[in-house]
2 protein chains.
Amino acid sequence: MQVDRAVAKKGIKSEASEGSARRKAALDRRSIAESAVRIADAEGLAKLSMRRLAQSLGVEAMSLYNHVRNKDDLLGAMVEHVASGFYRPDPEAADWKAEMHRRGIRAHDQMLRHPWSPPLIAGRVNDGPEMLGYVDATLGCLFAAGFDAADADDAWNAMDSYIYGYTQLALSFPFQPEEYAQVAAEYLPHLPKERLPHLYAMTEAVATYRHKGMHRFEFGFEMILDGLVQRRAGQG
Amino acid sequence: MQVDRAVAKKGIKSEASEGSARRKAALDRRSIAESAVRIADAEGLAKLSMRRLAQSLGVEAMSLYNHVRNKDDLLGAMVEHVASGFYRPDPEAADWKAEMHRRGIRAHDQMLRHPWSPPLIAGRVNDGPEMLGYVDATLGCLFAAGFDAADADDAWNAMDSYIYGYTQLALSFPFQPEEYAQVAAEYLPHLPKERLPHLYAMTEAVATYRHKGMHRFEFGFEMILDGLVQRRAGQG
DNA sequence: CGCCGCAGGCTTACAGTGTAAGTTTTCCTG
DNA sequence: CAGGAAAACTTACACTGTAAGCCTGCGGCG
């Protein structure tokens, strides 16, 4: 209802492609969320305040509250934006494992693109239409593959646990893969060898071995998928 | 009045003291962190402010900064406290899979006990001694099992991704397992059946099926472990 | 045309945050 | 007991989300 009105309003004041200095014309829930995403991408979620966001839209902070209930609601809208980039598995597809594989990779990539998103996606109740549609497609594909409700629930849980967990860990790791070797070499002298012998050995190895780089996400994800395939097979 | 207030506060927190008049409190890093953990457990991380924490210790906010660099440092100390409850796999153990299994279960349980902890554990750089010792023991056990550095890295990553991801998702799910059936039944009429057919079917099933309850964490975790075992076997 | 309602902007204000800077108290040691 | 260091305290500042209320310009109606 509120959305409908906002959309209608926007349509009315479509203002014939005005190139004027006043950019405040496009103030609605979606454009606010998009601007918020842009700020969070560029400067981090911590820097995203209502005032900062309003400023980027050429408006005062409190004006945002005409389009967004509160900051939490705004975060929900941002999650929806991210979720709109997720892949929805196709229930009609022949190869369900391939669908799920693609789903996982895309979610991982999309969250890497918006590094602030995993805590929000995994740490809140997200029941926007985009997210629900995503879930619906996923369940549909699993059902079509022969999973019953309980199995689909388990499968979905297992996959998403890994997807979110891996992405979150990857994002909070303080170094880029290309840096590993050099950083390891620098840390090595400061590591108490007798207190942490295995971590020392590990660091030593990292300092010298050529890092594989790619496919690290898929290493564990494939284990989950294979486990699911196996379970499906063993169960008719 | 200043004296009165001081006396009153001392009285409030006197339960843990040994009754000596000059003993105000054992205010050090550890006891501060423990108090912080207690508050976060009871009231949530959002309610944990420096002032609130200081108050619980019968002290002013700024006094904490004599023992803790800043709030982030405090969070680190809280993580260390949680990590002290993790299980350190034994490199000497015969059955490395059992060790890793136990490690995962314990980490999961420990984080459930401190629901605010997963975002901190997975979302920050935690290099306290407790956490490093935990990592060292884990690597040691994997090395002893025959993993080389790269494989151990992959294995460790895969396991922890699942552990953190699953725990985080479980914690942010808004209902308890026992409620599932009833909540599903209540939601069902509000779900747009034609827009979200599979989610509808799922909810319908949840409303009727008897929930398994236990072993949901292990469902996916076992897949990871089995995948690791298999990989180890195939590689001599 | 004039007027009115009101959506959506704006201003002000408040309680709360982390913490820098500076002051006072407390305690240990010589 | 003197002096100095450690630690607690006070004050202050910049910043947060947002409640309450005001103002303005636009669309619809008599």
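Chain letters run A, B, ... following the sequence lines, proteins first, then strands; residues in each count from 1.
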task: Name all pairs fulfilling the ring pair (Phe, Tyr, Trp, His ring centres under 6.0 Å) condition that reach into residues 26-71 of chain B, sequence neighbours left out, sorted by first residue then second.
output: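 Listed by first then second residue: nothing to list.
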Salt bridge (charged side-chain N to carboxylate O under 4.0 Å, His left out) contacts in which one or both residues fall within [range], not counting sequence neighbours:
| range | result |
| --- | --- |
| residues 162-175 of chain A | none |
| residues 102-115 of chain A | A/R103-A/D160 |
| residues 115-134 of chain B | B/D72-B/R124, B/R88-B/E130 |

query: Does the side chain of B/S63 get closer than 4.0 angstrom to OP1 or OP2 of D/dC9 through an N or O atom?
result: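 Checking D/dC9 against B/S63, a side-chain N or O does come within under 4.0 Å of OP1 or OP2.
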message: Side-chain N or O of A/H67 versus OP1/OP2 of C/dA7: is the shortest distance under 4.0 Å?
response: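 The answer is no; no side-chain N or O of A/H67 sits under 4.0 Å from OP1 or OP2.
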- prompt: What residues form a side chain to side chain donor-acceptor pair (under 3.5 Å) with B/H198, not counting sequence neighbours?
  reply: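 Side chain to side chain donor-acceptor pair (under 3.5 Å) list for B/H198, sorted by chain: A/D136.
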field: Listed partners of A/Q168 passing side chain to side chain donor-acceptor pair (under 3.5 Å), at least two apart
entry: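 With neighbours one apart ignored, the set is empty.
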- request: Grab the CG-P distance between B/L64 and D/dA8 for me, whole Å please.
  value: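 Rounding to the nearest Å, CG of B/L64 and P of D/dA8 are 8 Å apart.
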- prompt: Which whole-number value in Å describes the distance from A/E60 CD to D/dA19 P?
  reply: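 The distance from CD of A/E60 to P of D/dA19 comes to 18 Å, rounded to the nearest Å.
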Pairs under 3.5 angstrom, nitrogen or oxygen only, protein versus nucleotides 17-21 of chain C, please.
{"residue": "C/dT17", "atom": "OP1", "partner": "B/S49", "partner atom": "OG", "Å": "3.0"}
{"residue": "C/dG18", "atom": "OP1", "partner": "B/K71", "partner atom": "NZ", "Å": "2.7"}
{"residue": "C/dG18", "atom": "OP2", "partner": "B/M50", "partner atom": "N", "Å": "2.9"}
{"residue": "C/dG18", "atom": "N7", "partner": "B/R51", "partner atom": "NH2", "Å": "2.7"}
{"residue": "C/dG18", "atom": "O6", "partner": "B/R51", "partner atom": "NH2", "Å": "2.8"}
{"residue": "C/dT19", "atom": "OP2", "partner": "B/Y65", "partner atom": "OH", "Å": "2.7"}
{"residue": "C/dT19", "atom": "OP2", "partner": "B/K71", "partner atom": "N", "Å": "2.8"}
{"residue": "C/dT19", "atom": "O5'", "partner": "B/Y65", "partner atom": "OH", "Å": "3.4"}
{"residue": "C/dT19", "atom": "O4", "partner": "B/R51", "partner atom": "NH1", "Å": "3.3"}

query: Residues two or more places apart in sequence or in another chain: which of them pass salt bridge (Lys or Arg N to Asp or Glu O under 4.0 Å) with B/E43?
result: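 With neighbours one apart ignored, the set is B/R52.
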- prompt: Which angle, to the nearest 10 degrees, lies between the helix axes at the two ends of the helix from C/dC1-D/dG30 to C/dG30-D/dC1, each defined by five pairs?
  reply: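 That helix gives 10° between its end axes.
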message: Is there, by distance only and without an angle test, a donor paired with an acceptor across the side chain of B/N66 and the base of D/dA8 below 3.5 Å?
response: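 Result: at least one qualifying N/O pair found.
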- prompt: Does the ring centre of B/Y162 sit less than 6.0 Å away from the ring centre of B/F217?
  reply: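 Yes, the ring of B/F217 comes within the 6.0 Å limit of the ring of B/Y162, centre to centre.
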